[in-house]
Amino acid sequence: MTHPDLPSLNALRAFEAAARLQSVKQAAKELHVTHGAVSRQIRALEEELGVVLFVKEGRGVKLTDAGLLLRDAAGDAFARLDGACAELKRRTEEAPFVLGCPGSLLARWFIPRLDHLNRELPELHLQLSASEGGPDPRRPGLDATLLFAEPPWPADMRVFELAAERIGPVLSPRHARFAALRQAPPQALLDEALLHTASRPQAWPSWAASQRLPAAGLRYGAGFEHLYYLLEAAVAGLGVAIAPQQLVADDLAAGRLAAPWGFVETPAKLALWVPLRRGDGRAERLAGWLKTQLADRAVR
């Protein structure tokens with residue numbers, strides 16, 4: 001529904017502030033505009049309505065009868081608008097913040113830090129939604145999505161880049177050939193039956209290319225549908241797996257896994273994807289917290 005007879009809201013806001021504060025100068029200060037801008041808005045409003053709203057009185061201004069009538073109506077209308085906006089904002093901020101996340105990233109990196117997050121950002125009221133593979137950031141009901149992906153970023157998303165993805169082979173001290181492999185060059189893996197996952201079929205070939213090894217020379221052993229199960233198998237000593245550094249950081253620190261050949265950077269980024277329609281500020285706070293956590297781990 002349109003209101004063709006309603007004056008400009010900017011002009012009404014300028015008038016309401018000047019009428020309430022009884023000062024054009026104070027109104028300009030409150031609205032963060034110039035004195036002249038407020039005066040022009042009021043003059044335009046008077047011309048549109050065909051009435052005089054203010055008259056000069058000494059060094060100040062005084063409301064006319066028409067000004068008094070409009071002041072009361074505008075003040076009430078803006079007060080109701082301010083109240084409604086504040087209520088909508090309160091409802092949004094009190095609603096759960098639903099974060100989509102791949103199950104492997106959720107289990108191996110996010111959940112171990114969840115208690116810390118809840119203490120530092122209690123206002124998030126975080127609710128987690130796990131999915132295997134790459135969750136759809138546009139899925140209804142999600143406020144944000146945390147995932148590994150490659151740029152360029154879509155125009156309908158605000159994407160907070162958190163860390164570069166780095167992948168590398170890992171194995172457990174429980175592996176039968178751990179002592180020999182930890183001292184061996186990367187090409188020794190050409191003789192291993194490598195653990196792999198259907199969710200990242202290019203991980204091993206990409207790593208081989210970075211080491212100048214022939215991808216055709218790789219031998220594959222047990223395959224797993226999801227990265228989480230792949231890494232559980234590696235921790236159990238069943239073979240050599242490949243994974244993002246972020247997902248094995250805690251295992252490396254605890255000695256459950258080792259990464260003798262280090263990690264190489266890929267074009268992908270770990271990023272927080274937020275639909276442009278979201279604007280309550282919680283996504284920005286979560287992105288800042290995540291970036292700090294990832295940076296702290298990276299320098300240890």
Side-chain angles (χ1 to χ4, degrees), residues 1-99 120-126 143-144 153-162 271-292:
M1 179 183 295
T2 59
H3 299 278
D5 295 330
L6 190 66
S8 158
L9 287 180
N10 285 336
L12 285 171
R13 174 56 97 179
F15 165 76
E16 186 278 333
R20 172 168 41 83
L21 298 170
Q22 298 183 33
S23 167
V24 173
K25 180 179 179 180
Q26 291 301 316
K29 184 176 180 181
E30 179 179 283
L31 298 175
H32 304 288
V33 296
T34 64
H35 181 285
V38 174
S39 296
R40 285 192 295 274
Q41 292 279 19
I42 294 173
R43 283 199 301 273
L45 184 60
E46 289 179 324
E47 290 175 5
E48 184 172 353
L49 296 176
V51 297
V52 175
L53 299 172
F54 287 103
V55 292
K56 287 191 175 183
E57 185 177 72
R59 294 186 177 182
V61 292
K62 178 183 177 182
L63 286 164
T64 63
D65 289 343
L68 290 170
L69 177 64
L70 187 60
R71 179 200 64 184
D72 293 342
D76 180 62
F78 280 114
R80 292 176 64 186
L81 283 171
D82 289 343
C85 290
E87 174 63 15
L88 290 173
K89 184 177 180 181
R90 183 190 65 78
R91 291 182 185 180
T92 299
E93 292 182 345
E94 289 182 357
F97 187 90
V98 183
L99 176 68
E120 295 201 348
L121 297 178
E123 71 278 6
L124 279 185
H125 307 294
L126 190 65
D143 294 300
W153 310 125
D156 62 337
M157 288 280 166
R158 185 178 183 188
V159 179
F160 297 88
E161 294 186 12
L162 305 174
L272 187 71
W273 293 47
V274 184
L276 289 179
R277 68 182 184 276
R278 302 294 180 185
D280 64 8
R282 290 184 292 177
E284 289 85 346
R285 295 195 290 276
L286 176 59
W289 186 89
L290 290 168
K291 196 163 190 174
T292 298

Closest contact, heavy atoms only, [X] versus [Y]:
| X | Y | answer |
| --- | --- | --- |
| Glu120 | Pro122 | C-CD, 3.4 Å |
| Leu99 | Leu272 | CD1-CD1, 3.6 Å |
| Pro7 | Leu49 | CG-CD2, 3.9 Å |
| Arg71 | Ala19 | CG-CB, 3.6 Å |
| Ala155 | Leu276 | O-CD1, 3.2 Å |
| Val274 | Ala283 | CG2-CB, 3.7 Å |

Give the intermediate values and the outcome of side-chain contact (heavy atoms from CB on, under 4.5 Å) for residues Leu45 and Leu70.
CA-CA 11 Å; Leu45 184 60; Leu70 187 60; 3.9 Å; yes
Salt bridge flag under 4.0 Å for residues Glu46 and Arg43:
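Answer for the salt bridge query: no.
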Min side-chain heavy-atom separation Lys291-Phe160 under 4.5 Å:
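No, too far: nothing below the 4.5 Å cut-off.
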Under 4.5 Å between any side-chain heavy atoms of Thr292 and Trp289, yes or no?
no
Crowding at CG, Asp65 (>12 non-hydrogen neighbours, <6.0 Å)
no
Which pairs would a plain distance check flag for residues 22-30, meaning a side-chain donor or acceptor within less than 3.5 Å of a matching protein atom at least two apart in sequence or in another chain?
unit_1	atom_1	unit_2	atom_2	d
Ser23	OG	Lys25	N	3.3
Ser23	OG	Gln26	N	3.0
Glu30	OE1	Arg20	NH1	3.2
Glu30	OE2	Arg20	NH2	2.8

Residue list, side-chain contact (heavy atoms from CB on, under 4.5 Å) with Ala14, at least two apart or on another chain:
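In terms of side-chain contact (heavy atoms from CB on, under 4.5 Å), with neighbours along the sequence ignored, Ala14 is linked to Leu31, Val38, Gln41.
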May I have all residue pairs that pass ring-ring contact (aromatic ring centres under 6.0 Å, His included) and include part of residues 7-55, sequence neighbours excluded?
Phe15-Phe54
